[in-house]
Amino acid sequence: MDYPGNLFVVAAPSGAGKSSLVKALLELDSRVQPSVSHTTRPPRGQEKHGREYFFVSADEFDQMVLAGAFVEWAHVHGQRYGTSRKAIEERIAQGADVILEIDFQGALQIKRIFANAVLIFILPPSWEELRSRLERRGEDSPEVIEVRLKNAAVEMTQAREFDFVIINELFERALFDLKAIVHAQRLKFSAQRRARADTFKALNIS
Ligand SMILES: Nc1ncnc2c1ncn2[C@@H]1O[C@H](COP(=O)(O)OP(=O)(O)OP(=O)(O)O)[C@@H](O)[C@H]1O
Ligand SMILES: Nc1nc2c(ncn2[C@@H]2O[C@H](COP(=O)(O)O)[C@@H](O)[C@H]2O)c(=O)[nH]1
């Protein structure tokens with residue numbers, strides 16, 4: 001599908017820093033809008049329904065799946081997470097740039113539907129640093145951290161399937177890379193649209 005807005009998808013193992021990077025990008029770039037996912041996991045810390053996620057029951061999630069409300073959904077760390085059509089289609093159709101923070105399974109589903117989506121994978125600099133970021137964040141129990149680290153080993157093997165890989169060692173450097181990818185995509189798309197409009201005109205295609 002071709003839309004006037006751009007779709008960016010950021011995936012990473014838990015703790016690599018994708019939420020921090022996306023949050024910093026959103027503060028700097030008002031043209032990028034976040035998509036709020038639905039999840040069956042309970043809220044943690046200060047999370048609010050409708051802000052970080054729409055927190056729904058397993059039954060509500062099932063109903064949305066049956067109704068075809070999700071463009072993608074996946075089982076992640078023992079819970080279910082999904083991106084609703086409503087969260088993205090209308091906005092990119094209106095020309096907004098939308099950014100999704102989802103796992104690799106969802107990212108690969110999105111690429112099959114939106115061929116122009118830009119897939120970005122964030123990697124931590126090392127296993128030690130990944131563990132220490134999860135521990136320092138202090139939001140997950142030791143058991144949950146172990147599950148997330150175990151899953152990270154599988155998730156990282158998918159990095160090659162992505163259009164771009166950013167190593168989040170120095171935060172500012174990684175943010176610079178993310179901003180550069182967003183700007184490059186905008187330039188590429190506007191150049192393509194101009195070339196298409198010029199060719200349509202030259203060929204008298206309305
Ligand atoms: N470059 C960095 N250097 C040091 N700490 C960082 C860096 N980037 C992020 N962090 C910290 O690491 C922790 C994990 O980051 P964050 O919550 O953004 O990860 P995440 O990939 O979104 O994880 P999850 O998928 O579990 O939500 C946070 O405490 C964050 O402040
Ligand atoms: N496939 C999808 N994955 C999603 C979605 N929203 C979030 N996620 C991913 O789940 C894990 C865990 O997130 P957490 O907030 O519980 O730490 C992480 O990798 C997210 O990117 C979604 O809509 N679809």
Side-chain angles (χ1 to χ4, degrees), residues 7-27 34-56 61 64-65 69-88 98-114 117 119-141 143-156 158-159 161-162 165-178:
L7 188 55
F8 299 98
V9 183
V10 179
S14 180
K18 67 186 166 308
S19 306
S20 310
L21 285 166
V22 168
K23 188 165 174 272
L25 176 73
L26 293 172
E27 279 163 12
S35 151
V36 179
S37 296
H38 286 69
T39 181
T40 56
R41 101 154 151 69
R44 61 183 180 217
Q46 302 299 309
E47 288 180 334
K48 273 209 188 113
H49 182 77
R51 190 178 63 188
E52 283 80 9
Y53 285 105
F54 294 106
F55 296 97
V56 293
F61 200 96
M64 289 185 73
V65 172
F70 292 122
V71 277
E72 67 73 30
W73 71 271
H75 288 274
V76 192
H77 312 317
Q79 299 287 350
R80 283 182 293 165
Y81 296 79
T83 307
S84 70
R85 282 180 201 287
K86 214 171 138 195
I88 52 174
V98 174
I99 194 158
L100 311 183
E101 237 186 89
I102 61 178
D103 89 310
F104 77 88
Q105 307 168 81
L108 299 178
Q109 292 177 52
I110 289 285
K111 190 74 176 186
R112 283 196 284 274
I113 302 168
F114 302 93
L119 265 51
I120 303 161
F121 201 90
I122 313 286
L123 282 175
S126 68
W127 281 104
E128 293 71 28
E129 177 63 13
L130 185 63
R131 174 181 287 279
S132 125
R133 284 184 193 170
L134 284 169
E135 288 171 355
R136 281 202 308 265
R137 187 168 68 178
E139 282 180 4
D140 300 298
S141 65
E143 295 75 25
V144 169
I145 290 180
E146 289 314 317
V147 171
R148 288 179 178 232
L149 285 171
K150 194 167 153 255
N151 293 341
V154 176
E155 290 162 357
M156 286 192 210
Q158 300 298 313
E161 304 299 320
F162 282 61
V165 175
I166 297 177
I167 317 294
N168 180 20
E169 182 163 22
L170 290 178
F171 188 82
E172 290 305 325
R173 171 74 222 197
L175 180 58
F176 178 89
D177 290 347
L178 182 58

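We number each residue from 1, following the sequence as shown. Every heavy atom of this structure was used, including side-chain atoms; hydrogens, water molecules and symmetry mates were not. Every number for a ligand or one of its atoms is a count from 1 in the order of the listing. Worth saying up front: this structure is predicted, and the values here are computed from it rather than measured.
- Looking at heavy atoms from C-beta onward, F162 lies out of side-chain contact with K111 at the 4.5 angstrom threshold.
- The CH2 atom of W73 sits 8.5 Å away from the CD atom of Q109 when rounded to the nearest 0.5 Å.
- A donor-acceptor pair under 3.5 Å is formed between the side chain of T40 and the backbone N or O of R80.
- Within the 4.0 Å heavy-atom cutoff, G82 counts among the residues contacting ligand 2.
- Within 4.0 Å of ligand 1, contacts by protein heavy atoms are made from P13, S14, G15, A16, G17, K18, S19, S20, R44, E129, R133, R136, R137, R148, N168, E169, F171.
- Separation of atoms CG (L108) and CG (L119) is listed at 6.5 Å; rounding is to 0.5 Å.
- Every atom of ligand 2 is numbered from 1 in the order shown, and the set under 4.0 Å from a heavy atom of A74 is 1 (N).
- Closest protein heavy atom to atom 24 (N) of ligand 2: E72 OE2, 2.7 Å.
- By the criterion of a heavy-atom distance under 4.0 Å, the side chain of R148, and not its backbone, is placed next to ligand 2.
- Nearest residue to atom 14 (P) of ligand 2 from Y53, F54, W73 is Y53 (criterion: closest heavy atom).
- Contact annotation: for R44 versus ligand 2, heavy atoms closer than 4.0 Å belong to the side chain alone.
- Between E101 and S37, every side-chain heavy-atom pair lies at or beyond the 4.5 Å cut-off.
- Under a 3.5 Å cut-off, the side chain of N168 and the backbone N or O of A16 do form a donor-acceptor pair.
- Remark: side-chain polar atoms of E161 are not paired, donor with acceptor, to backbone N or O of Q158 under 3.5 angstrom.
- Taking 4.5 Å as the limit, some side-chain heavy atom of I88 sits within range of a side-chain heavy atom of F114.
- Here H77 has side-chain heavy atoms under 4.0 Å from ligand 2, and that is the only part of it that gets that close.
- For ligand 2, none of its N or O atoms has an N or O atom of H38 under 3.5 Å away.
- The heavy atom nearest to atom 1 (N) of ligand 2, out of those in V144, I102, D103, is found in D103.
- In terms of N/O distances under 3.5 Å, ligand 2 is not approached by V76.
- Those atoms of ligand 2 that come under 4.0 Å of a heavy atom in R41, given as number and element, are 14 (P), 15 (O), 16 (O).
- Taking all atoms of both residues into account, the shortest heavy-atom contact from I145 to D140 is CD1-O, 3.7 Å.
- Near G106, the atoms of ligand 2 lying under 4.0 angstrom from a non-hydrogen atom of the residue are 1 (N).
- Below 4.0 Å from some heavy atom of K18 lie the following atoms of ligand 2, by number and element: 18 (C), 19 (O), 20 (C), 21 (O).
- In summary, K23 and E27 engage in a salt bridge, as defined by a charged side-chain N under 4.0 Å from a carboxylate O.
- Those atoms of ligand 2 that come under 4.0 Å of a heavy atom in S37, given as number and element, are 5 (C), 6 (N), 22 (C), 23 (O).
- Annotation: atom 12 (C) of ligand 2 to nearest protein heavy atom, Y81 OH, 3.6 Å.
- For a threshold of 3.5 Å applied to N or O pairs, the pair formed by T83 and ligand 2 contains at least one separation below that value.
- Residues E52 and P43 are not in side-chain contact: their nearest non-hydrogen atoms beyond the backbone lie 4.5 Å or more apart.
- Between the side chain of T39 and the backbone N or O of F55, no donor-acceptor pair lies under 3.5 Å.
- Salt bridge present: E129 and R133 bring a charged side-chain N and a carboxylate O closer than 4.0 Å.
- Using modelled atom types, one side-chain atom of Q105 and one backbone atom of H75 make a donor-acceptor pair closer than 3.5 Å.
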